[in-house]
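Only one structure is covered here, and it is reproduced in the block below.
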Amino acid sequence: MPPGLSGARVFRCSGEETLVLRCWPDGTTEQRVNEIHAVVSAVASTFDLLPKYQPIDPHGASLTIDASGRIWELATWMPGQPLAETAPLHLIGKGAAAIAQLHHVMGRLGRWQQPAPAIAQRLQRVAWLNQQLPGCLATDLQDRVHPSVAAPVVRACRLLQQRWPTTAPRLTEALTPLANQRLPLQYVIRDIHREHMLYSAEKVVGIIDFDALRVDTVAVDLARWATSFSQFRDSPVQTIDRIVADYRCEASLSSQSAPRQLDAPSAADRTFGIPEIGIGQSVLPELDAPEFRTLVLTIAETSLWISLANWVVWLVGESRQFADLQLVSQRLDRLIESVDGQTKR
């Protein structure tokens, strides 16, 4: 299949049933893949929107490591197509409802009460970018980046030169009050954007790609989902309101359904040394509260600026190589349009 930006290689395998063979990006550890497989397999046992891993070695394991140390997995192929970037709000809302269903099942694996890693990571990233960006923005870009991405990189650098000095303190100011708040945490996808949710006949039929899966606040998934659509660029508050409303409605319905306990993956217990809350306790965020909407909106807006700055550092400061430069150029264009739209509102 066409390469994405993660560095993974993906093959569609046709036979008696259609499967997907995937090689994880270089540097991914076996422990990390085992954790993801444990969580996804537990959820997929009761939730049809996730793929199911298939045995890939003689012992029935769901991953195998080749002679070069690369990790491979085999899973069922999920049908459907992603929404267009210009999708209407009602279809985006259906995706939010599917995320609520997914979170409901994932929450049965365990819930915790802690400050959200997403907030701390973004604060740390802004501080790191404050150190890295000045050198990148002062670099002569001639012959520094590939011609196919030169134009959007120049636009990104110009925008960051103008806006980052005032934007970075604003991002830090918005994130800092949230950093020490104890929030309900559980496993979430953390990268559930429009290309990772598949639709057929205006219905969600599949969710794919779990590289970023970890324990965090559910607001991260809603923010990531929102920012992958032009609706958020044009009407961020209206988009977040619709997503939160549809998520809240489905979460309420899911919480009323009879619980079906899952076998919590042992990887969860080993990886996170944080006190677990009893499954029977009510630990979902107060979805009606303005604070939850603010949390989603803050994560969404800060993520766009951080992503744009990250790409400039990767391409200019670190000279990273990517297999599909046209995809990189498109990603930069979308980020520039999104953050530029914020500054003009």
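Between L213 and M106, the shortest heavy-atom distance links the atoms CD1-CE, 3.6 Å. Here the closest heavy-atom approach between residue M78 and residue D48 is recorded as CE-O, 3.8 Å. Scanning all heavy atoms of the two residues, the minimum distance from D221 to I189 falls at OD2-N, 3.0 Å. When all heavy atoms of I240 and A226 are compared, the pair lying nearest together is CD1-CB, 3.7 Å. For the pair A44 and P51, the tightest heavy-atom approach, listed with the atom from each and the gap, is CB-O, 3.6 Å. Nearest heavy-atom pair across T46 and R108 is OG1-NH1, 4.2 Å.
Here the side chain of T227 pairs a donor or acceptor atom with the backbone of R224 at under 3.5 angstrom. Between the side chain of T298 and the backbone N or O of L295, no donor-acceptor pair lies under 3.5 Å. Although no hydrogens or angles enter the test, the distance criterion places a donor-acceptor pair under 3.5 Å between the side chain of T172 and the main chain of A168. For T239 (side chain) and Q231 (main-chain N/O), a donor-acceptor pair under 3.5 Å exists by modelled atom type. Under the 3.5 Å distance criterion, the side-chain polar atoms of R9 are left unmatched by any main-chain donor or acceptor of C23. Put simply, the side chain of N34 gets close to the backbone of E30: a donor and an acceptor are under 3.5 Å apart. Under a 3.5 Å cut-off, the side chain of Q186 and the backbone N or O of H103 do form a donor-acceptor pair. D216 places a side-chain N or O within 3.5 Å of a backbone atom of A118 that can act as its donor or acceptor partner. Between the side chain of T76 and the backbone N or O of K52, at least one donor-acceptor pair lies under 3.5 Å. A donor-acceptor pair under 3.5 Å is absent between the side-chain atoms of E17 and the main chain of G15, judged by distance alone.
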Under 3.5 Å, side-chain donor or acceptor atoms of residues 81-102 against the rest of the protein: list the pairs with distances, not counting sequence neighbours.
residue: K94; atom: NZ; partner: E202; partner atom: O; Å: 3.0
residue: Q101; atom: NE2; partner: E250; partner atom: OE2; Å: 3.4

Quiz: residues 147-161 side-chain donor-acceptor pairs under 3.5 angstrom, not counting sequence neighbours:
residue: S148; atom: OG; partner: H146; partner atom: ND1; Å: 2.8
residue: R155; atom: NH1; partner: D333; partner atom: OD1; Å: 3.1
residue: Q161; atom: NE2; partner: L137; partner atom: O; Å: 3.0

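In this structure D143 satisfies the salt bridge (Lys or Arg N to Asp or Glu O under 4.0 Å) test with no other residue, sequence neighbours excluded. Taking D26 as the reference, nothing meets the salt bridge (Lys or Arg N to Asp or Glu O under 4.0 Å) condition, with sequence neighbours excluded.
Checking D57, T64, D66 one by one against W72, the side chain to side chain donor-acceptor pair (under 3.5 Å) holds for a single residue, D66.
Inter-residue side-chain proximity for L185 and P117 is flagged as met; some heavy-atom pair is nearer than 4.5 Å. Residues V220 and I299 meet the side-chain proximity criterion, which asks for heavy atoms closer than 4.5 Å. Side-chain contact between V328 and W314: absent, with no pair of heavy atoms (C-beta onward) separated by less than 4.5 Å. Residues R144 and T139 are in side-chain contact: their nearest non-hydrogen atoms beyond the backbone lie under 4.5 Å apart.
By the 30° and 60° cut-offs, the orientation of the rings of W311 relative to F322 is tilted.
Each ring-ring contact (aromatic ring centres under 6.0 Å, His included) pair with one or both residues in residues 196-215, not counting sequence neighbours, appears once here: H193-H196. Applying the ring-ring contact (aromatic ring centres under 6.0 Å, His included) test to pairs two or more places apart or on separate chains, those with a residue in residues 25-63 are H37-Y53.
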- Check against side-chain contact (heavy atoms from CB on, under 4.5 Å), R233 and L304: CA-CA 10 Å; R233 179 190 66 213; L304 289 173; over 6 Å; no

- Task: May I have the step-by-step check of side-chain contact (heavy atoms from CB on, under 4.5 Å) for I208 and L50, ending in yes or no?
- Result: CA-CA 7 Å; I208 59 174; L50 266 57; over 6 Å; no

- Taking it one step at a time, do L133 and V312 satisfy side-chain contact (heavy atoms from CB on, under 4.5 Å)? CA-CA 8 Å; L133 268 181; V312 168; 4.1 Å; yes

- Evaluation steps, side-chain contact (heavy atoms from CB on, under 4.5 Å), between F292 and V218: CA-CA 10 Å; F292 180 71; V218 298; 4.1 Å; yes

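Using a 4.0 Å cut-off between a side-chain N of Lys or Arg and a carboxylate O of Asp or Glu, E35 and R32 qualify as a salt bridge.
Side chains of W164 and N130: a donor-acceptor N/O pair is present below 3.5 angstrom, by distance only.
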